[in-house]
Amino acid sequence: MLEHGPGAIHYPRWLDAAAQERLAFEIAAAIARAPLFVSRLPKSGLPMSVRMTNCGPLGWMSDKDRGYRYEPAHPETGTPWPPIPSMLLDAWAALTGYPKPPEACLINVYSDNAKMGLHQDRDESDFDAPILSLSLGADCRFRLGGQKRGDKTVAFTLSGGDALVLSGPARRFFHGVDRILPSILTPLPQQLAGLGARVNLTLRRVT
DNA sequence: AAGTAGCC
DNA sequence: TCGC
């Protein structure tokens with residue numbers, strides 16, 4: 001367990017290899033029902049480099065005209081998001097202790113050259129609930145800042161099987177992914193191989 | 001600016 | 001490559 005800031009708790013290798021395989025199987029099934037899509041930045045319409053989908057009652061997305069938001073259904077198929085796998089609900093309970101279950105699980109798929117700019121998670125109403133992030137596949141250089149964009153940042157590596165909880169002050173901290181590290185020795189489990197180099201799952205309360 | 005480029 |  002490593003604390004990278006007040007409320008930012010990193011659990012390296014929280015999932016063992018067998019658990020990562022089981023999770024990959026569940027996520028591959030979710031992607032089969034809710035295909036990956038590309039969100040676009042508000043106003044500019046520039047595409048994000050990650051491909052994403054969701055499971056749970058609500059899913060995060062963005063497009064040029066309507067911007068960042070949560071939706072109950074897939075933007076292309078119109079179908080409700082598939083349920084959050086039970087092992088993720090268990091992970092949420094074990095790692096956050098929060099009394100209510102997560103309402104959204106964003107599935108972000110990173111290719112070798114995908115990035116995620118520094119941002120705050122601020123499209124939710126519930127800022128008391130922690131955020132739980134689980135990683136699969138390639139390592140990434142993750143950057144964590146403070147509550148203001150200009151605050152100093154720290155960078156560390158997130159690896160497959162790692163969990164990161166952002167609670168308390170860290171719930172509002174800026175964060176992003178600088179780059180994906182070489183993935184030859186840390187491939188995604190077979191069930192997700194071919195989709196990308198790294199998969200990140202972000203569980204949140206929304207309402 | 002949940003992006004991209006450029007420079008140190 | 002990293003951090004601005």
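All heavy atoms count here, side chains included; hydrogens, waters and symmetry mates do not. Residue numbers begin at 1 in each chain, while the letters A, B, ... track the order of the sequences.
Not a single ring-ring contact (aromatic ring centres under 6.0 Å, His included) links A:Phe173 to another residue, sequence neighbours left out. For A:Phe25, the ring-ring contact (aromatic ring centres under 6.0 Å, His included) test picks out no residue, with sequence neighbours left out. For A:Arg171, the side chain to side chain contact (heavy atoms under 4.5 Å, CB included) partners two or more places apart in sequence, or in a different chain, are A:Asp121, A:Glu124, A:Phe127, A:Ile131. Every side chain to side chain contact (heavy atoms under 4.5 Å, CB included) that A:Leu89 has, sequence neighbours left out, goes to A:Ile84, A:Pro102. Shown here are the side-chain hydrogen bond (donor to acceptor under 3.5 Å, both in side chains) partners of A:Ser62, two or more places apart in sequence or in another chain: there are none.
Residue A:Arg40 is classed as having no contact, given no heavy-atom separation below 4.0 Å to the nucleic acid.
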Q. How does DNA chain C look in dot-bracket form if you count Watson-Crick and G-U pairs under 3.5 Å, write [ ] for pairs that cross, and put | where a base pairs with another strand?
A. ..||

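Under the 4.5 angstrom side-chain criterion for Ile, Leu, Val, Met, Phe, Trp and Tyr, the cluster partners of A:Phe174 are A:Leu118.
Comparing the C1' positions of B:dA5 and B:dA1 gives a spacing of 14 Å, expressed to the nearest Å.
With A:Trp60 as the partner, the side chain to side chain donor-acceptor pair (under 3.5 Å) test is satisfied by one option alone out of A:Thr202, A:Asp123, A:Asn108: A:Asp123.
Remark: nothing in residues 112-120 of chain A comes within less than 4.0 Å of DNA chain C through any heavy atom. Within residues 54-74 of chain A, the residues approaching DNA chain B are A:Trp60, A:Tyr68, by heavy-atom distance under 4.0 Å. Proximity of residues 169-187 of chain A to DNA chain C (heavy atom under 4.0 angstrom from any strand atom) is restricted to A:Asp178, A:Arg179. For the contact set between residues 155-163 of chain A and DNA chain B, defined by any heavy atom under 4.0 Å, there are no members.
The footprint of chain A on DNA chain B, defined by a heavy-atom cutoff below 4.0 Å, extends from B:dA1 to B:dG3.
Heavy atoms of other residues, nucleotides or ligands lying less than 6.0 angstrom from CD of A:Gln147 number more than 12.
The aromatic rings of A:Phe156 and A:Phe142 are tilted relative to each other, their planes meeting at an angle between 30° and 60°.
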